[in-house]
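One structure is given here, and the rest of the page talks about it.
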Amino acid sequence: MTNYIIRRLLLVPVILFGVSVIIMGMLQLLGPIERSALYVKDFPKNDRQVDGIIKKYALDRPFHEQYWRWLTGVKDPVTGHREGGVLYGDFGYSRSASQPVIDIIRTRFPNTVELALWTVVPMLSIGIWLGIKAAVYQNTWVDQLARMFSIVGTSFPTFVFGLLVLILFYAKLGWFMPGKMSDWANQVVRSPQFVNYTKLLTIDSLLNGRFDIFWDALRHMILPILTLSYINWATYVRVMRSSMLETLRMDYVTTARAKGLTEGVVINQHARPNAMLPIVTMAGMSVVGLLGGVIITETVFNYPGIGKATADAAANLDVVTTIGMAIFSGFILIISNLIVDVMYAVIDPRVRLS
Amino acid sequence: MRKLYLLVAVVLVAGMALAACQPAVEAPVATEAPAEAPAEAPAETPAEAPAEAPAEPAALNPYIGSNKLDGNGVPPTFFADPHVRKGFAYAFDAQTVIDEVYMGEAIPSYVLSLVGMPGYDPDAPHYEMDLEKAAEEFQLADVDGDGVPAGEDPDDIWEMGFRLQMLYNTGNTTRQIYAEILQANLAEVNEKFVIEVLGLPWPAYLTAQRAHKIPIMTGGWLEDIHDAHNWYQPYTTGTYGARQNMPQDLKDQFKALLDEGVSLVDPAARHEVYQRFNQLYYDEVPGVPVALATSHGYEQKWTTGRIMNPIFSSIYYRTIGKTADAKDPTTITTANIGDALTLDPAACYDTASGEVLQNIYETLVFYDGEKTDEFVPQLAEEYSVSEDGTEWTFKIREGVKFHQGGDLTPSDVVYSFVRGLLQGGYSTPQWMISEPFFGVGKDDISMLVDDGASADDREALMANDPALLKQVCEDVKSKFTIDEANNTVTMKLAQSWGPFLPTIANNWGSIMDKEWVIENGGWDDSCDTWQNFYSMPDSENPFTPITNGTGAFQLDHWTPGQEIVMTKFADYWGDPAKVDRVVLKVIPEFGTRFAMLQAGDADFAAVPAEQRAQVDPLVSEIKVYNAETNTYDDPKPVCKIDTGKLGIDRFEICDTPNDRPLRLLFGRPGLTQDVIIFNFLIE
């Protein structure tokens with residue numbers, strides 16, 4: 001197992017290199033004039049402005065020069081001070097976000113993690129529970145209802161459901177709000193008395209003893225959690241249902257019943273763990289997807305995660321940010337996939353990692 | 001390990017293949033597969049690649065069909081014929097634009113300047129849709145240049161027809177509609193006249209414009225200074241004139257009028273000059289002005305005191321208060337679409353940043369209420385101009401404090417102006433200040449150093465002779481004199497400049513604290529080091545994220561991409577702000593902004609024109625703009641809203657108040673205009 005993990009980890013820099021080369025290569029398909037459009041907010045007032053921008057950001061040098069410049073930065077011949085250079089930890093400055101790329105990641109990734117953590121539980125638990133119920137009561141009204149409920153969910157485009165939920169629970173009822181936290185909570189969090197241990201607001205607020213902020217943060221997160229979960233339930237219900245149906249037909253289940261065990265024990269301790277295996281893979285993929293940033297949900301609910309930052313950068317042709325975020329997402333995805341694979345082996349003793 | 005090599009090789013090949021597709025590189029790329037360490041081996045390309053793809057002489061312009069006059073395209077000189085341009089002008093239907101796009105909320109544009117400016121004349125000669133006259137003009141045209149008008153020439157456009165593409169930038173449905181109107185009307189004039197409507201993503205649109213490839217397009221302009229010069233210049237000798245390949249002799253005629261107009265101070269005299277300009281523009285018709293949208297601004301009813309001056313960058317918060325029944329009476333929240341880019345007044349050239357700066361920094365003079373052309377003293381208590389119009393003297397107000405504790409002195413004023421001029425840069429608004437101080441056409445400090453050879457290129461600028469650089473700096477400094485005894489600053493311009501006050505009243509005329517700027521890494525006021533700060537990019541500029549102004553609000557924090565929060569400045573010299581906090585939130589999604597308006601969490605929100613029908617039903621009372629008093633009338637309750645109707649008819653005004661949440665400010669002509677422009681020589 002250790003061997004396997006080490007080999008997988010060794011591949012990480014290779015894959016990241018490949019990702020960066022491919023993305024930078026694709027962006028080179030645009031000419032320097034087109035890429036200069038990034039640095040101009042409105043139509044340029046002078047044609048000289050565009051020339052100046054091309055010179056300033058070296059947009060017309062050959063590909064390998066641009067790539068090397070990105071990788072190692074530019075050394076000022078006079079002062080010896082190096083500026084930039086991914087290998088030195090400087091991912092560059094994001095024009096579209098008006099801050100260094102590293103700062104975008106640092107401030108926004110914890111929010112994405114928080115949302116992912118809080119979404120996983122309802123998403124999985126309700127999806128699995130509904131799937132089991134649908135399988136156990138196959139072809140009864142419970143089954144039909146569960147499947148209908150989830151098909152409706154998966155048919156809804158995210159932004160439609162998101163906006164509906166926003167209008168109902170926020171504009172009309174006022175129970176839950178978009179964003180991350182209210183203005184009064186923001187003032188407390190920014191004050192020196194509040195200590196950010198983990199950068200995850202819900203956990204930090206509890207650690208600081210501020211239950212009101214914890215509740216406020218939850219109220220802001222419930223709508224995106226609901227949206228993300230509902231969209232995914234259908235998939236979980238269907239897979240769990242079919243997996244469960246298959247498992248229930250297995251011989252060992254019949255054996256278990258024959259031994260005289262109660263139905264509950266049969267389902268929960270014998271059938272369910274085996275039926276869950278495909279779910280583990282899917283859950284891993286879902287978590288990986290959540291950690292990559294959920295752009296539409298973040299946009300509708302104005303939640304400051306990395307998905308929206310990446311989408312904004314891509315829409316503005318912000319080469320530097322797009323690559324930086326792609327590298328980071330790639331890194332997260334690779335690590336998450338590794339964890340999922342390892343967990344698969346841990347859960348199911350039958351699986352051998354090659 | 002074999003799989004590793006395979007993976008690496010695939011990745012490298014893919015990357016190099018993509019790199020080889022880059023337009024700048026000509027020869028195919030030679031690759032070198034690595035023997036071991038996979039993390040290196042960048043792609044090998046030939047030694048030098050040209051900066052831009054070499055022009056292929058035989059390449060056809062894709063936007064003008066066959067590029068010939070054969071019924072399936074147009075020749076490059078198509079629009080050089082004034083009859084063709086007039087034909088198009090008569091085929092355009094501005095009224096449909098006003099009704100369909102702006103829902104009746106626009107006034108037609110007849111001239112380049114705006115209401116209230118010299119040159120604005122509602123009776124000016126202009127083109128209205130007249131398909132018969134259009135047909136006549138096309139028949140008089142002589143595109144193949146053989147001396148026979150098209151009406152009688154079987155080889156000319158009337159018999160052959162033509163085909164060309166009219167472009168717009170994707171997402172801009174307004175410009176798309178202009179193109180579709182021309183398409184439909186020209187087809188009606190002569191079914192052989194084919195216009196295809198094509199949308200390009202903005203970067204490609206910009207590239208094609210720059211390359212003079214677009215035959216006909218819409219050029220929009222949002223004014224920087226509320227002055228006629230800022231309208232007449234871009235469409236003739238400025239940006240758009242260049243994009244149109246306007247012939248030099250025509251440009252010269254316009255330039256003569258521009259120079260005359262800008263040097264006069266008396267509005268009546270300028271009006272006469274610009275009327276001659278209007279006539280020339282009408283006769284030669286290089287472009288067709290479209291329409292001027294009027295205001296349609298929403299606010300929560302519990303807000304009071306908003307000054308709706310169209311030249312403001314969004315909202316000026318000092319005068320705005322909230323009544324006690326507001327959801328949060330001490331904080332104003334605005335839901336904006338975009339985030340600020342930089343908080344350095346010398347570099348800021350966009351509305352979102354401008355909104356923050358106009359509340360945190362102050363200028364020598366400021367707009368008088370809602371007027372765009374009358375000014376009141378702000379940081380300058382009094383001001384005067386010399387007889388010949390070249391010297392302006394400002395008496396600086398005493399007792400004004402900066403947010404971080406300094407005091408306002410005349411040296412701060414001089415430093416702010418000089419710093420801006422020396423920092424220069426074409427992506428900044430400094431060109432507007434450079435021209436009055438250096439002369440028309442000298443729109444950047446690099447013009448004084450090496451005639452613009454080092455424009456926007458700091459390294460090239462620094463490579464100049466140090467003595468020359470020092471001299472240029474001293475020259476700039478010498479234009480400003482301080483009289484300590486009287487606390488005044490005198491500025492010497494290169495020529496008389498009619499719109500000088502409007503030029504310095506906007507954000508780029510903000511006054512910064514010299515000592516604070518130097519402390520925080522800014523230019524140290526020495527003529528030996530100014531070149532190090534030339535054309536500073538936002539990423540290096542220490543003043544992108546920090547501020548220290550004299551305004552009624554100070555910056556609390558800026559979380560990029562999310563919000564900017566300003567708090568009330570307790571030691572403000574004038575009437576203090578009415579609320580404690582202003583929160584500007586960045587919310588690109590309209591649905592979310594709308595939900596915030598409904599919930600009462602946003603006091604102001606950006607509503608694009610196409611979404612107005614959704615928000616109008618929430619309007620409780622309306623303030624209508626009155627052209628005679630040049631301000632809005634008192635609010636009146638609205639009983640019924642019929643979103644099917646156009647313009648003011650949508651709102652049925654009555655007497656009984658109601659409890660809907662919003663107030664609407666309606667009908668003030670705005671400051672952006674679209675002009676359809678023709679390319680005289682399509683390349």
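Lettering of chains follows the sequences in order, A, B, ..., and the numbering in each one begins at 1. Every heavy atom of this structure was used, including side-chain atoms; hydrogens, water molecules and symmetry mates were not.
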| message | I need the minimum non-hydrogen distance between B:Ala595 and A:Ala171, along with the two atoms involved. | response | O-CB, 4.0 Å

| request: Over all heavy atoms of both residues, which pair between A:Thr299 and B:Thr592 is shortest? Give the atoms and the distance, please. | output: O-OG1, 3.9 Å

| At a heavy-atom separation under 4.5 Å, does A:Gln187 approach chain B through its side chain, its backbone, both, or neither? | side chain

| remark: Those residues at least two apart in sequence (or on a different chain) that pass ring pair (Phe, Tyr, Trp, His ring centres under 6.0 Å) with A:Tyr170 are none

| request: Select one option (side chain, backbone, both, neither) describing which atoms of B:Arg581 are under 4.5 Å from chain A's heavy atoms. | output: side chain

| field | Residue part contacting chain A, namely of B:Ala340, when any heavy atom lies under 4.5 Å | value | backbone

| request: Under the ring pair (Phe, Tyr, Trp, His ring centres under 6.0 Å) rule, collect the residues that match up with A:Phe156, sequence neighbours excluded. | output: A:Phe161

| request: Under 4.5 Å, heavy atom to heavy atom: which of residues 176-186 of chain A reach chain B? Give them by number, or say none. | output: A:Pro178, A:Asp183, A:Asn186

| said: Holding to ring pair (Phe, Tyr, Trp, His ring centres under 6.0 Å), I want the full list of residues that pass it with B:Tyr235, two or more places apart in sequence or in another chain. | reply: B:Tyr240

| A:Leu166 versus B:Gly591, closest heavy-atom pair with distance | CD2-O, 4.3 Å

| Who among B:Met596, B:Lys585, B:Arg458, B:Glu563 has the most heavy-atom pairs with chain A under 4.5 Å? | B:Met596

| field | Interface moiety of B:Thr559 toward chain A, non-hydrogen atoms closer than 4.5 Å | value | side chain

| query | Looking at A:Arg190 and B:Asp556, what are the two nearest heavy atoms and their distance? | reply | NE-OD2, 4.4 Å

| said: Counting only non-hydrogen atoms closer than 4.5 Å, does B:Thr342 touch chain A with its backbone (N, CA, C, O), its side chain (CB onward), both, or neither? | reply: neither

| task | Count the heavy atoms belonging to other residues, nucleotides or ligands that lie under 6.0 Å from CZ of A:Phe194, then report whether that count exceeds 12. | result | yes

| remark: Shortest non-hydrogen pair, B:Pro560 vs A:Arg108, comes out as O-NH2, 4.2 Å

